[in-house]
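Working notes for the structure below.
Naming: A, B, ... by sequence-line order, numbering from 1 per chain.
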Amino acid sequence: MLDIKLIREQPDLVRGRLAARGAGDESRVDELLGLDEQRRKLLAEVEGLKAQRNRVSKEIGALMGRKQFTEADARKQETRDLGDQITELDRQAAAAETARNELLLRLPNLPHPTVAVGASAADNPLVRTWGEKPAFDFTPKSHIDLCEHLKLIDFARGAKLSGSGFLLYTNWGARLERALINFLLDLHTREHGYTEVSPPYVVSRDCMVGVGQFPKFADQAYAVREGEDNTTLGSLYLLPTAEAPVANIHREEILAAKQLPIRYCAYSPCFRAEAGAAGVGTRGMIRVHQFDKVELIKIVEPEQGYAELERLVANAETVLQLLGLHYKVIQLCTGDMGFASAKTYDIEVWAPGQGQYLEVSSCSNCEDYQARRMNLRYKTETGENRFPHILNGSGTALARLFVALVETHQQPDGTVLVPPALRPYLGAERITTA
RNA sequence: GGAGAGAUGGCUGAGUGGCCUAAAGCGCAGGUUUGCUAAACCUGUGAAGGAGCAAUCCUUCCGAGGGUUCGAAUCCCUCUCUCUCCGCCA
């Protein structure tokens, strides 16, 4: 969340940065400042009364010690009324604080000054491209046709098991998926300096709040419960991304400066309800309710945040380069950026069978926005506690990578040539119907 | 799921209603002494919030949330987590 002190001291700056997102959040700043003002006023009042009560209680203790019970009783009578006032003012102060915090949790991060101002995806500047669209001397097939022909995915039975948007990978399809996961984890741990972790696939509400998924996007998550017990519903949620558990690993801790930077890499399946997205690209595996992803998370000193973001993007790009896939890197404009992010690069890979680019990675620096939400700090050499920058990036999302891979490397005979980097993992040079 | 024991500062651990403003030790930082290292001694060492130009002062925090009381680390209730044993289970 945003620093309340920044909002107090530079409300115009905050309003301006929020306005750049185009979501209208700047209109809530005055409401927030009102609640904050109210809270501080009540706090000053109630703390004065508490100080008074503490003084009198101490005197009562001294009187009791000297066995001056009549005196003590008189003072007790005096403070009873004080206690009632404190209870009431405490309640009001807590209510103002709760309202203030609720509002704070619903305000998005401020875009970094270097982020292009724009309204939608159409305004996202192109940063760079790598490779070229492959030329085919035949009409390239869609991954749907390739998957059915090569029996990589059984779309019909996947839907039978769990509904549309769930995939049943079969035979070489399943092996390709597993090969990609291992390839990605090995690449990032061996070549890019990340530490592998394997998190729980369900997380608490606090973790979802910590990364900014909740409360605003709660309808996108799958909630789980124990058995038929409805009272447990809403305490645990299926991961929308491994960012949810991994970024929260050190929540509510104070790290030592020398522990930073921390770089984690994790595979997990990702579950997204995609509420309200029905009918949008529902066929195939481009938008599904469950997909695999290898996620990269960094916790770094603020001074390193943006240099680390560039490296994060480069780490994700390496994946596509090694797999021989054409892609472009774009920067998300203020109107297209995610809730928690201050600056985001997306990587879009070319899918010849679709005739379009698919988003396979989103790399963001959330600055201290998430660290505040999860109360994660680090202690500097001088003993000061600061919020670190937290970054996340996909390295990369698998279903779409799978699509780009089979569509790009498909052959005239309907087989798929496996890129050399992946061959040791798959144990085959070519995927055929055999 | 059943039974029992626990949760106190960075760590260990004392504290059973008011000198708790949380003992003591360890660790850490600074200092003194000292050929070096080490040791000894001295001093300091949690977090959040609020008031103030500032020095400084105030409030809250002993797993979490309620309650009793003039006053709670301490008494009562609920919950969470950890450990031990039993049962079930991949």
Side-chain angles (χ1 to χ4, degrees), chain A residues 1-9 32-105 198 200-207 209-210 225-237 245 248-260 368 371-388:
Chain A
M1 60 186 152
L2 300 178
D3 183 359
I4 186 66
K5 284 181 187 153
L6 177 71
I7 301 175
R8 252 182 234 155
E9 287 160 18
L32 182 67
L33 287 173
L35 287 166
D36 182 54
E37 181 65 34
Q38 195 186 343
R39 169 182 169 272
R40 283 191 294 160
K41 188 162 158 275
L42 288 164
L43 223 47
E45 202 175 336
V46 74
E47 284 179 2
L49 293 178
K50 281 181 180 175
Q52 194 182 336
R53 180 178 67 182
N54 287 346
R55 276 195 302 274
V56 177
S57 286
K58 197 163 274 185
E59 285 170 27
I60 292 172
L63 289 169
M64 302 278 279
R66 282 181 260 128
K67 301 198 188 306
Q68 294 175 295
F69 299 118
T70 320
E71 294 279 332
D73 281 346
R75 305 308 298 274
K76 281 187 192 177
Q77 195 58 41
E78 207 177 291
T79 48
R80 259 183 208 116
D81 181 47
L82 214 49
D84 291 342
Q85 287 180 56
I86 289 170
T87 305
E88 174 57 21
L89 285 173
D90 253 345
R91 196 191 58 73
Q92 289 179 25
E97 182 166 328
T98 302
R100 184 195 76 167
N101 291 344
E102 287 282 313
L103 192 46
L104 263 182
L105 286 176
S198 179
Y201 297 159
V202 293
V203 289
S204 69
R205 185 180 182 80
D206 287 341
C207 287
V209 171
R225 63 177 176 194
E226 294 176 24
E228 299 292 318
D229 181 4
N230 274 322
T231 66
T232 61
L233 184 64
S235 61
L236 288 174
Y237 299 85
N248 276 288
I249 287 175
H250 299 288
R251 64 173 295 121
E252 287 158 41
E253 292 182 22
I254 301 178
L255 301 168
K258 66 184 175 193
Q259 288 177 265
L260 304 182
D368 60 8
R372 278 177 202 286
R373 285 176 161 252
M374 59 182 73
N375 199 23
L376 164 61
R377 291 163 292 172
Y378 76 98
K379 195 178 282 291
T380 63
E381 306 293 346
T382 57
E384 182 196 0
N385 288 333
R386 299 174 78 196
F387 292 105

Under 4.0 Å, heavy atoms only, any strand: does A:Asp73 hit a base, just the sugar-phosphate, or nothing? nothing
Separation of the C1' atoms in B:U37 and B:U74, to the nearest angstrom: 48 Å
Taking the same atom, C1', in B:G1 and in B:G87, what whole-Å distance lies between them? 7 Å
List the steps, then state whether side-chain contact (heavy atoms from CB on, under 4.5 Å) holds for A:Lys58 with A:Asn54. CA-CA 6 Å; A:Lys58 197 163 274 185; A:Asn54 287 346; over 6 Å; no
Euclidean distance for P, B:A39 against B:U56 (whole angstrom): 34 Å
Salt bridge (Lys or Arg N to Asp or Glu O under 4.0 Å) involving A:Asp3 - partner list, sequence neighbours excluded: A:Arg372
Check side-chain contact (heavy atoms from CB on, under 4.5 Å) between A:Asp73 and all other residues, then give those that pass, not counting sequence neighbours. A:Lys76
For RNA chain B, find the residues of residues 79-97 of chain A with a heavy-atom distance under 4.0 Å and give them by number; none if there aren't any. A:Thr79, A:Arg80
Does A:Asn375 have any side-chain contact (heavy atoms from CB on, under 4.5 Å) partners at least two apart in sequence or in another chain, and if so, which? A:Glu252, A:Arg377, A:Phe387
Do the charged groups of A:Asp368 and A:Arg386 touch, with an N to O distance under 4.0 Å? no
Base, sugar-phosphate or nothing for A:Asn375? Non-hydrogen atoms, less than 4.0 Å. nothing
Separation between the C1' atoms of B:A40 and B:U34, rounded to whole Å: 10 Å
Provide the distance between the two C1' atoms, one in B:C88 and one in B:A3, to the nearest whole Å. 16 Å
CZ (A:Arg80) and CZ (A:Arg53) are apart, to the nearest 0.5 Å, by 13.5 Å
Distance between P atoms of B:C81 and B:G49 (Å, rounded): 29 Å
Evaluate the side-chain proximity of A:Val203 to A:Asn248: yes if any heavy-atom separation is below 4.5 Å, no if none is. no
Dot-bracket for RNA chain B, please. Rules: Watson-Crick or G-U, both distances under 3.5 Å, ( ) within the strand, [ ] when a pair crosses earlier ones, | for another strand, . otherwise. ((((((((.[[[..)..(.....]]]((((((.......))))))((((((....)))))).[[[[[..)....]]]]])))))))....
Residues passing the salt bridge (Lys or Arg N to Asp or Glu O under 4.0 Å) test with A:Arg100, sequence neighbours excluded, are A:Asp36
Test ring-ring contact (aromatic ring centres under 6.0 Å, His included) applied to A:Tyr237 - qualifying residues, sequence neighbours left out: A:Phe214
Earlier contact from the 5' end, RNA chain B, for A:Lys5 and A:Ile60: A:Lys5
Spacing of the C1' atoms in B:A23 and B:C62 (rounded, Å): 14 Å
Indicate yes or no for a side-chain donor-acceptor contact from A:Arg373 to the backbone of A:Leu105 under 3.5 Å, with no hydrogens or angles considered. yes
Using atom P of each nucleotide, how far apart are B:C53 and B:G15 to the nearest Å? 46 Å
A:Glu97: side chain to side chain donor-acceptor pair (under 3.5 Å) partners, not counting sequence neighbours: A:Arg39
Looking across every strand, which nucleic acid part, if any, lies under 4.0 Å from A:Arg377 by heavy atom: base, sugar-phosphate, or nothing? sugar-phosphate
With sequence neighbours excluded, tell me which residues meet side chain to side chain donor-acceptor pair (under 3.5 Å) with A:Asp84. none
Sub-4.0 Å heavy-atom contacts from residues 35-44 of chain A onto RNA chain B, ordered by number: A:Arg39, A:Arg40, A:Leu43
Between A:Ile4 and A:Ala62, the residue closer to the 5' end of RNA chain B by nearest nucleotide is A:Ala62
Using a 4.0 Å heavy-atom cut-off across all strands, classify A:Arg100 as base, sugar-phosphate, or nothing. nothing
Could you list the residues that satisfy side chain to side chain donor-acceptor pair (under 3.5 Å) with A:Arg91, not counting sequence neighbours? A:Glu88
Contact boundaries of RNA chain B with chain A (under 4.0 Å, heavy atoms), 5' to 3'? B:G18 to B:G71
State, with a plain yes or no, whether a side-chain heavy atom of A:Arg40 is found less than 4.5 Å away from one of A:Arg8. yes
